[in-house]
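One structure is given here, and the rest of the page talks about it.
Just so it is clear, the values below take in all heavy atoms, side chains as well, and ignore hydrogens, waters and symmetry mates.
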Amino acid sequence: MTERTLSTVYDPKSVESRIYEVWERGGHFAPREGARGTFSIVMPPPNVTGVLHLGHALDTTLQDIATRFRRMQGYSTLWVPGTDHAGIATQARVEQVLREEEGKSRYDLGREAFVERVWAWKEQYGGTITSQIRSLGASCDWSRERFTMDPGLSRAVREVFVRLYEEGLIYRGNRIINWCPRCRTALSDIEVEHIEEPGVLYHVRYPLEDGSGHLVIATTRPETMFADVAVAVHPDDERYASYVGKTIRLPLTDRTIPVIADTYVERDFGTGCLKITPAHDPNDFEVGERHHLPSLVCLDQDGRLTDLAGRFAGLSREEGRERVVEALREEGYLVKEEPLDHAVGHCDRCGTVVEPYLSEQWFVRMEPLAQDTLERARRGELRFLPDRFMKVFEQWLTNVRDWCISRQLWWGHRIPAWYCGACGQVSVSRDDLDHCLHCGSQDVQQDEDVLDTWFSSALWPFSTMGWPERTPDLARFYPTSLLVTGYDILFFWVARMAFMGVHFTGQMPFQTVLLHGLLRDAKGQKMSKSKGNGIDPMDVIDKYGADALRFMLASNTVLGNDLRFSWEKVEGARNFLNKLWNAARFVLMNLDEGFSPVPLDAPSLDLADRFILHRLGETIRRATSALEDYDVGEAARAVYEFTWDEFCDWYIEFAKINLYGDHAEKKRQTQTVLITVLSRVLALLHPYIPFITEEIWQALPNTTGMLIDAVWPDAADLPVDERAVEQMRAAMEIIRAVRNVRSELQIPPKTSVPIVIGCDTEGVRGVVNQVTEMIARFCNAERVDVEAGIEPPKQAAVQVVTGAKIYIPLAGLIDMDAERERLKKEANRLKGEVERLEKKLANANFVQRAPQEVVAQEREKLADYRAKLSAVEERMASLEG
RNA sequence: GCGGCUGUAGCUCAGAGGGAGAGCACUACCUUGACACGGUAGGGGUCACAGGUUCGAUUCCUGUCAGCCGCACCA
């Protein structure tokens with residue numbers, strides 16, 4: 001990679017994989033010894049057998065930008081990559097394949113063989129997503145790659161489980177949980193998505209046993225009536241006061257149930273009579289507990305009616321409902337049906353309607369954990385970007401309920417609890433047990449269930465670094481500096497890492513949490529497999545390269561806000577890369593053999609040189625400070641605008657004067673500025689577009705080593721020259737004015753014109769004199785004359801800018817009517833400005849109360865517009881005559 | 001019900017208490033020795049609406065409307 005020329009077209013395909021290999025093989029991703037301290041990130045682990053989607057691409061890009069930026073700043077930088085075993089998703093996938101290919105269920109294989117199959121699956125597909133992350137250019141330290149089911153991480157899981165159990169923060173209990181009949185497992189509250197759906201509220205007559213009448217209950221779930229254990233009314237509801245204590249004969253069954261009074265009942269809803277089904281409704285469960293009612297179960301793990309439902313046994317929930325309603329109607333129990341919209345819980349993963357289900361599960365007691373974490377967060381130990389997420393975070397932790405952590409799966413960390421057949425006690429242990437810790441009996445059996453995947457993910461920031469061992473990495477890189485993830489997993493992951501970190505390490509696991517938005521398609525729809533509107537990031541990389549994808553994502557990012565993908569935006573990013581590439585080509589092809597730079601503060605530097613160096617300095621400062629705040633969009637825009645508008649459109653064009661001229665020293669000077677600006681721009685852009693910048697960097701004569709290891713650009717040695725910027729802007733104004741005239745009067749670009757510039761003051765004249773060559777080049781002028789008080793040429797177009805009148809004398813070529821029309825338009829515009837400012841300055845309140853500099857500024861503007869206006873009017877008058 | 005986000009050019013979106021911006025699209029012109037994935041010039045916006053604070057609001061505050069997202073739910 002030492003060639004000093006670049007091909008005419010940038011081809012990301014031939015560059016990206018080659019450079020990535022050099023970086024990875026060369027150990028450039030591993031932390032260096034850094035004087036500035038450490039910077040660490042752990043990667044949100046994607047599903048080990050998954051494939052990359054655009055959300056990952058954004059997430060990875062943002063992390064890589066932060067990592068590369070800090071690395072270049074001199075931090076000892078660690079970015080830990082890894083993958084997640086993703087319990088339900090992975091197991092479901094393997095089960096599906098098993099079913100499709102062999103017609104078998106996991107039960108046909110048995111637990112051990114099935115788990116082996118999943119491991120084999122993981123071995124086969126586990127590399128896909130990590131290789132895709134590599135294609136993105138992620139500079140994470142693969143030598144530290146982790147998997148949530150690695151021995152070390154599994155040990156951390158056991159340690160945490162056992163300690164929480166010993167502290168009484170993990171318990172086992174018979175409670176109502178969310179059950180997915182399709183995944184056949186319990187879910188935590190946040191794995192349930194509530195969707196508003198139209199439903200029916202059935203009013204059903206429940207007769208009293210003594211035949212003295214009936215109560216009408218209202219329910220949306222008549223199929224659970226077989227598990228009813230009571231009918232409840234509000235204690236203060238006079239309508240029903242006399243019924244309390246009586247007995248109901250449950251329709252379609254031969255059971256009887258009591259009428260009870262409980263304040264949970266809303267008198268205004270439905271009929272004010274509520275059937276109580278403790279095993280199938282969380283609220284009913286609590287009512288049942290209060291009244292010491294039994295819990296009957298009428299739905300099984302597949303969501304089918306049990307024998308309790310008598311002749312309806314074996315029916316699915318859906319069919320059961322229909323048939324039960326039918327039967328109730330036939331037997332005269334159904335009073336009425338009314339439509340009712342209500343939120344129905346769906347399995348986050350498979351979309352199946354979730355069943356509230358009474359079962360024995362393991363839980364984490366959240367209150368104490370949440371409390372500690374809240375206090376620390378409020379003390380400022382955790383910062384969110386954007387900070388509004390702190391409120392969401394606090395709110396969730398404040399209301400959080402106990403976390404159901406057991407899953408009825410085989411793939412995952414098996415719960416380290418053993419049940420004794422002899423004494424019936426539970427033994428929880430870090431090591432596998434072959435005897436009961438209470439009675440010593442060898443008749444012990446390990447719990448069949450595994451832990452929620454998020455239980456192990458929650459330990460990720462410290463388990464990846466070796467915890468519970470006191471490893472050097474843990475000491476050096478924990479707590480981590482930054483966490484980057486989508487706001488959609490704030491509760492799932494961020495909050496859980498926070499309280500686990502606080503509880504087990506005594507520290508927040510990260511200082512700053514950067515939450516980005518979700519990716520949507522061009523129409524703003526959420527991308528999903530079922531809609532088929534998902535974009536495969538690998539397709540984007542194939543077509544345009546990883547850099548284009550990264551730049552598109554990063555430059556369009558506003559933290560916390562969703563982002564629409566569009567191919568046009570990728571093309572925009574690609575165009576910018578092409579611009580950069582060609583600017584680099586230009587610089588390189590205009591460098592002489594054995595070129596040696598001049599000092600950057602040489603007094604002989606031209607106006608444009610001083611301008612661009614000053615602006616470079618400002619851009620460096622702006623980009624650096626934006627990146628310090630992780631405002632990647634802002635930093636990207638700053639460098640983009642500088643590179644394209646100021647460097648390419650103005651400075652490079654200007655540079656051609658000296659490069660193609662015959663003044664050797666001027667040429668060397670220009671070369672110096674070009675290479676200085678280019679190399680620093682490359683460094684500024686490297687975190688965003690690492691491949692192309694590295695490729696160009698390798699071709700530069702003034703660089704050593706790799707850009708990934710280079711020092712973040714500094715503005716300290718760049719000359720500061722505010723005046724040069726002002727003067728340059730004046731020159732630009734003149735050039736634009738001339739171009740505007742030429743365009744409006746339709747002077748063909750090829751027609752070279754003379755330009756006469758009249759300047760009122762010596763100061764302006766001095767400036768304009770410095771840039772006549774530039775004006776000539778940019779405006780295709782055959783001659784540029786600068787004079788003091790000139791006699792305006794008769795047949796000429798005129799433009800008035802601050803301090804100067806520009807004439808383009810072109811007898812015969814200019815349509816004088818068009819020129820008069822143009823001047824009229826210009827005069828009107830100026831009049832408007834003058835009037836606006838006069839009005840403003842006539843306002844005594846403004847003059848008195850606004851800051852002096854603002855008033856002065858406005859006065860200056862007014863004077864300027866007045867001068868321009870009178871010049872234009874003068875010219876109009878002279879043309880009339 | 002509680003909380004939050006968004007509303008700026010045809011489209012996608014930045015922005016900021018003192019003269020409305022970018023990219024794409026559009027119009028005209030230009031194959032000028034880095035780049036047509038380019039250049040030059042241009043058209044186009046009551047900054048959702050109504051109040052308030054202020055000398056001054058598109059920007060800050062309140063409310064309204066519209067779109068979206070969390071959380072919590074009464075079966």
Side-chain angles (χ1 to χ4, degrees), chain A residues 6 8-10 189-190 194 199 201-202 217-221 224 232 264-277 281 283-284 340 342-343 386 388-389 391-392 395-396 399 487-488 490-491 517-518 522 524 526 544 548 555-556 558 560-566 568-569 571-590 633-634 637 640-641 644-645 648-649 652-653 656 659-660 735-736 739-744 746-750 777-780 832-833 836-837 840 843-851 853-855 857-858 861 865:
Chain A
L6 300 171
T8 45
V9 184
Y10 174 62
D189 293 338
I190 52 178
H194 293 276
L201 189 62
Y202 299 94
I217 58 96
T219 180
T220 54
R221 301 213 54 197
T224 63
Y264 164 70
V265 181
E266 291 277 333
R267 273 167 283 186
D268 302 335
F269 190 89
T271 59
C273 293
L274 177 61
K275 75 186 195 64
I276 299 297
T277 322
D281 183 285
N283 293 310
D284 290 9
L340 175 77
H342 59 156
R388 65 182 138 89
F389 285 104
K391 203 168 174 180
V392 185
Q395 201 175 296
W396 188 75
N399 302 314
Y487 63 70
D488 53 329
L490 177 59
F491 306 143
L518 276 29
K526 231 167 148 174
Y544 295 98
S555 61
N556 283 293
V558 179
N561 287 7
D562 291 353
L563 173 65
R564 291 191 194 200
F565 175 90
S566 74
E568 286 78 12
K569 285 180 187 168
E571 271 168 28
R574 187 271 317 263
N575 293 352
F576 176 61
L577 302 190
N578 185 252
K579 194 76 185 171
L580 180 67
W581 180 257
N582 279 290
R585 284 183 58 223
F586 174 83
V587 173
L588 285 172
M589 67 177 59
N590 284 292
E634 163 70 11
R637 285 185 288 271
Y640 177 98
E641 283 164 20
W644 199 313
D645 302 343
C648 292
D649 286 352
I652 285 185
E653 288 309 314
K656 289 172 183 174
L659 292 175
Y660 304 153
I735 289 165
R736 278 198 204 99
R739 283 169 167 177
N740 172 273
V741 169
R742 291 189 57 127
S743 175
E744 288 205 16
Q746 297 183 334
I747 300 170
K750 275 183 187 154
R777 180 176 179 88
F778 280 72
C779 301
N780 192 15
E833 297 289 358
R836 184 178 61 80
L837 288 165
K840 194 170 192 177
N843 183 347
N845 266 327
F846 171 71
V847 178
Q848 273 169 20
R849 311 178 83 148
E853 70 247 35
V854 173
V855 178
Q857 216 179 317
E858 299 294 295
K861 279 189 214 161
Y865 281 124

#### Entry: Contact under 4.0 Å: A/K391 side-chain N or O vs B/rC5 OP1/OP2
no
### Message
Does a side-chain N or O of A/N575 approach OP1 or OP2 of B/rG38 to a distance below 4.0 Å, or not?
### Response
yes
### Query
Can you tell me if A/D562 and A/Y487 form a side-chain donor-acceptor pair at under 3.5 Å?
yes
### For A/S555 against A/R637, the heavy-atom pair lying closest together
O-NH1, 3.3 Å
### Query
Where the side chain of A/E266 is concerned, which of B/rC74, B/rA41, B/rA14 is the nearest nucleotide?
B/rC74
### Task
Just compare B/rC29, B/rG39, B/rG18 and give me whichever is closest to any side-chain atom of A/E858.
B/rG18
### Query
Of A/V558 and A/Q746, whose nearest nucleotide on RNA chain B comes first from the 5' end?
A/V558
### Task
Examine the side chains of A/Y10 and A/N578 and answer whether a donor and an acceptor come within less than 3.5 Å of each other.
no
### A/F269-B/rA75 aromatic stacking (under 5.5 Å, under 30°)
no
## Note on the structure
When rounded to whole Å, the NZ to P distance for the pair A/K750 and B/rU32 reads 8 Å
### Task
Report the residue (A/M589 or A/R739) whose heavy-atom-nearest nucleotide on RNA chain B is the more 5′ of the two.
A/M589
### Message
Defining pairs by Watson-Crick or G-U wobble geometry with both distances under 3.5 Å, how would you list the stems of RNA chain B with at least three pairs each?
### Response
B:1-7 with B:65-71, B:10-13 with B:21-24, B:26-30 with B:38-42, B:48-52 with B:60-64
### Message
Of the listed nucleotides (B/rC29, B/rA75, B/rG4), which one gets closest to any side-chain atom of A/T220?
### Response
B/rA75
### Rounded distance in Å between the C1' positions of B/rG39 and B/rU53
48 Å
### Summary
Which of B/rG3, B/rU6, B/rC13 is nearest the side chain of A/N561? It is B/rU6
### Message
For B/rA34 and A/K656 - does any side-chain N or O of the residue sit under 4.0 Å from the phosphate oxygens OP1/OP2?
### Response
yes
### Query
Would a 4.5 Å heavy-atom cut-off, applied to side chains only, mark A/I217 and A/L274 as touching?
no
### Message
Could you tell me how far B/rC60 sits from B/rU8 if I compare only their P atoms? Round to whole Å.
### Response
15 Å
